[in-house]
Amino acid sequence: MKTIRIVVMSLVTAILVGCGTTSTVPITGRKQTLLVSDGEVLSLSTQQYKQYMQSAKASTNATNTAMVKRVGQNLANAVSTYLTNNGLSAELQNYQWEFNLVQDNQVNAWCMPGGKIVVYEGILPITKDEASLAIVLGHEIAHAVAKHSAERLSNEYKNQYGTAILGAVVQGAGVSEKTQALISLGQQLGGALWTSGFSRKQESEADHMGLIFAAMAGYDPQVATSFWQRMAAQGNGGGGLFSDHPSDEQRIKDIQGWMPEALKYYVPKTTTTSKTSKTSKTGKTSKNSKTTTKKTTTKKK
């Protein structure tokens, strides 16, 4: 029976992989096989996104809303430049970036394929500053750039087809109902483990890419460590056999390992600040009014 199962699953996998397309994830270079097109995924995600936004309440905090849009657009610009410079400009047609801050106390943010990103107000007390927000948004943007949703959907197709064919083989082999039930349970548990592991791999990849994207956009990637330490302090860290996210401890360890790579892309943002002149009692403006260009620098650890 075990031999039949292995042969059938190998055959199903070979057929499905043969029907898909192979692509390379930017930054990490990981190969992935996709069974669905960009158009199919974007059609599904656009519909779901519109439904969500119809029921969501936009934040009434104009300052925070502007910050989310500003940081998000800086990241999107950096990603667009990276893709263009690396011969991937054709991918840009798949993204119509949009960044929204909504009234929700959950410590969370998410991204739909195509670049529709939602940030919950509940995460801002944890990010605290724009650089840490860039780490969060970089992670979400990475999910879209790496086509993780298409990969997950392709994975589900593989599981469904494999389960259907294997079930037909098992029944045809005359296996008892009790044995069939055990095999079915094993498949469910195995599928859950495989899917969770797959998701953890995607989350880790998004952490890696997001760190690089934040650095490309001029945000100090070194803040990622303290941000994830604050997240860990919330007591909602991932981990465990069936978890779809890495533990906070593992994330911090991985981020520290990627930091030398991220710092190669990091060029501090240059901002222009104006010192307002003081007006004397006579109504004349003092001569010490000047505009200076300030380069925001951060000491590297």
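Start at 1 with the first residue, then count along the sequence.
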Item to complete: Before giving the answer on side-chain contact (heavy atoms from CB on, under 4.5 Å), spell out for Cys111 and Tyr49 the whole-Å C-alpha distance, their side-chain angles and the decisive distance to 0.1 Å.
Response: CA-CA 9 Å; Cys111 177; Tyr49 173 75; over 6 Å; no
Discussion item. For a 4.5 angstrom cut-off between non-hydrogen side-chain atoms, does Leu34 reach Ser23?
Written reply: yes
Worksheet item: If we only count heavy atoms from C-beta on, is the Ser132 to Asp129 side-chain gap below 4.5 Å?
Response: yes
Worksheet item: Nearest 0.5 Å, what's the OG1-CG distance between Thr21 and Leu35?
Response: 8.0 Å
Discussion item. Is any side-chain heavy atom of His139 closer than 4.5 Å to one of Met209?
Written reply: no
Worksheet item: Salt bridge between Arg30 and Glu151, side-chain N to carboxylate O under 4.0 Å?
Response: yes
Worksheet entry | Side-chain (Lys116) to main-chain (Gln96) donor-acceptor, under 3.5 angstrom | yes
Worksheet item: Hey, is Arg251 close enough to Glu203 for a salt bridge, meaning N to O under 4.0 Å?
Response: yes
Worksheet item: Same hydrophobic cluster for Ile141 and Leu42, using side-chain heavy-atom links shorter than 4.5 Å among ILVMFWY?
Response: no
Discussion item. I need the Ser80 OG to Met216 CE distance, nearest 0.5 Å.
Written reply: 11.5 Å
Discussion item. Looking at Thr127 and Leu124, would you say the former's side chain and the latter's main chain have a donor-acceptor pair under 3.5 Å?
Written reply: yes
Fill in: Check: Val136 and Phe227 side chains under 4.5 Å, non-hydrogen atoms
yes
Item to complete: Determine the minimum heavy-atom distance between Ile135 and Ala214, stating which atoms define it.
Response: CD1-CB, 3.9 Å
Worksheet, complete the sentence: For Pro26 and Leu88 the tightest heavy-atom approach is CG-CD1, 4.2 Å
Worksheet item: Given side chains that start at C-beta, do those of Thr28 and His208 come closer than 4.5 Å, heavy atoms only?
Response: yes
Practice prompt. Let me see the working for Lys31 and Thr24 under side chain to side chain donor-acceptor pair (under 3.5 Å), right down to the final yes or no.
Written response: CA-CA 5 Å; Lys31 301 294 183 181; Thr24 302; 2.7 Å; yes
Discussion item. A side-chain contact here means heavy atoms from C-beta on lying under 4.5 Å apart; do Asp207 and Asp254 qualify?
Written reply: no
Practice prompt. Name the orientation class of the two ring planes belonging to Trp110 and Tyr52 (parallel below 30°, tilted from 30 to 60°, perpendicular beyond 60°).
Written response: perpendicular
Fill in: Distance in Å, Asp248 CG paired with Arg230 CZ, rounded so as to fall on 0.5 Å steps
12.5 Å
Item to complete: Name all residues meeting the side chain to side chain contact (heavy atoms under 4.5 Å, CB included) criterion together with Asn86; count only those two or more places apart in sequence or in a different chain, and write none if there are none.
Response: Tyr82
Practice prompt. Let me see the working for Val25 and Lys147 under side-chain contact (heavy atoms from CB on, under 4.5 Å), right down to the final yes or no.
Written response: CA-CA 8 Å; Val25 178; Lys147 301 184 180 182; over 6 Å; no
Worksheet item: Taking 4.0 angstrom as the limit, do Arg200 and Glu205 come out as a salt bridge?
Response: no
Worksheet item: Do Trp228 and Val223 belong to the same hydrophobic cluster, where Ile, Leu, Val, Met, Phe, Trp and Tyr are linked whenever their side-chain heavy atoms lie under 4.5 Å apart, directly or via other members?
Response: yes
Worksheet item: Taking a hydrophobic cluster as the set of Ile, Leu, Val, Met, Phe, Trp and Tyr residues connected by side-chain heavy atoms closer than 4.5 Å, whether directly or through intermediates, do Leu137 and Ile255 fall within one such cluster?
Response: yes
Worksheet entry | Flag side-chain contact, heavy atom, 4.5 Å: Glu140 against Val119 | no
Worksheet entry | Flag if over 12 foreign heavy atoms under 6.0 Å of CG, Asn85 | yes
Worksheet item: Does Ser43 have any side chain to side chain contact (heavy atoms under 4.5 Å, CB included) partners at least two apart in sequence or in another chain, and if so, which?
Response: none
Worksheet item: Can you list the residues that meet the ring-ring contact (aromatic ring centres under 6.0 Å, His included) rule with Tyr95, with sequence neighbours excluded?
Response: Trp97
Discussion item. Please tell me whether Leu263 and Ile27 are part of a single hydrophobic cluster in this structure, the criterion being side-chain heavy atoms less than 4.5 Å apart.
Written reply: yes
Fill in: Atom of Phe213, atom of Ala142 and distance for their closest heavy-atom approach
CE1-CA, 4.0 Å
Worksheet item: Taking all non-hydrogen atoms of both residues, which atom of Tyr266 and which atom of Pro221 are closest, and how far apart?
Response: CG-CD, 3.8 Å
Worksheet entry | Shortest non-hydrogen separation from Lys69 to Asn100 and the atoms involved | NZ-OD1, 4.2 Å
Worksheet item: Between Thr65 and Leu101, is there a donor-acceptor pair closer than 3.5 Å when you use the side chain of the first and the backbone of the second?
Response: no
Worksheet entry | Glu40 side chain to Ser37 backbone, donor-acceptor under 3.5 Å | yes
Worksheet item: So, Gln103 side chain and Ala58 main chain: donor-acceptor pair closer than 3.5 Å or not?
Response: yes
Fill in: Glu261, CD: over 12 other non-hydrogen atoms inside 6.0 angstrom
yes
Discussion item. Tell me the closest heavy-atom pair linking Glu121 and Ser59, and the distance in Å.
Written reply: OE2-OG, 2.6 Å
Practice prompt. Say whether, by atom type as modelled, one donor and one acceptor occur between the side chain of Ser89 and the main chain of Thr84 under 3.5 angstrom.
Written response: no
Practice prompt. To the nearest 0.5 angstrom, please state how far the OG1 atom of Thr225 sits from the CG atom of Leu211.
Written response: 8.0 Å
Worksheet item: Hey, does Pro268 have a side-chain heavy atom less than 4.5 Å from the side chain of Asp220?
Response: no
Worksheet entry | Salt bridge present between Asp104 and Lys57 (N-O < 4.0 angstrom) | no
Practice prompt. Look at the side-chain heavy atoms of Ile, Leu, Val, Met, Phe, Trp and Tyr, link any pair under 4.5 Å apart, and say whether Ile252 and Met259 land in one connected group.
Written response: yes
Discussion item. Please report the interatomic distance OG(Ser149) to NE2(His143), rounded to the nearest 0.5 Å.
Written reply: 8.5 Å
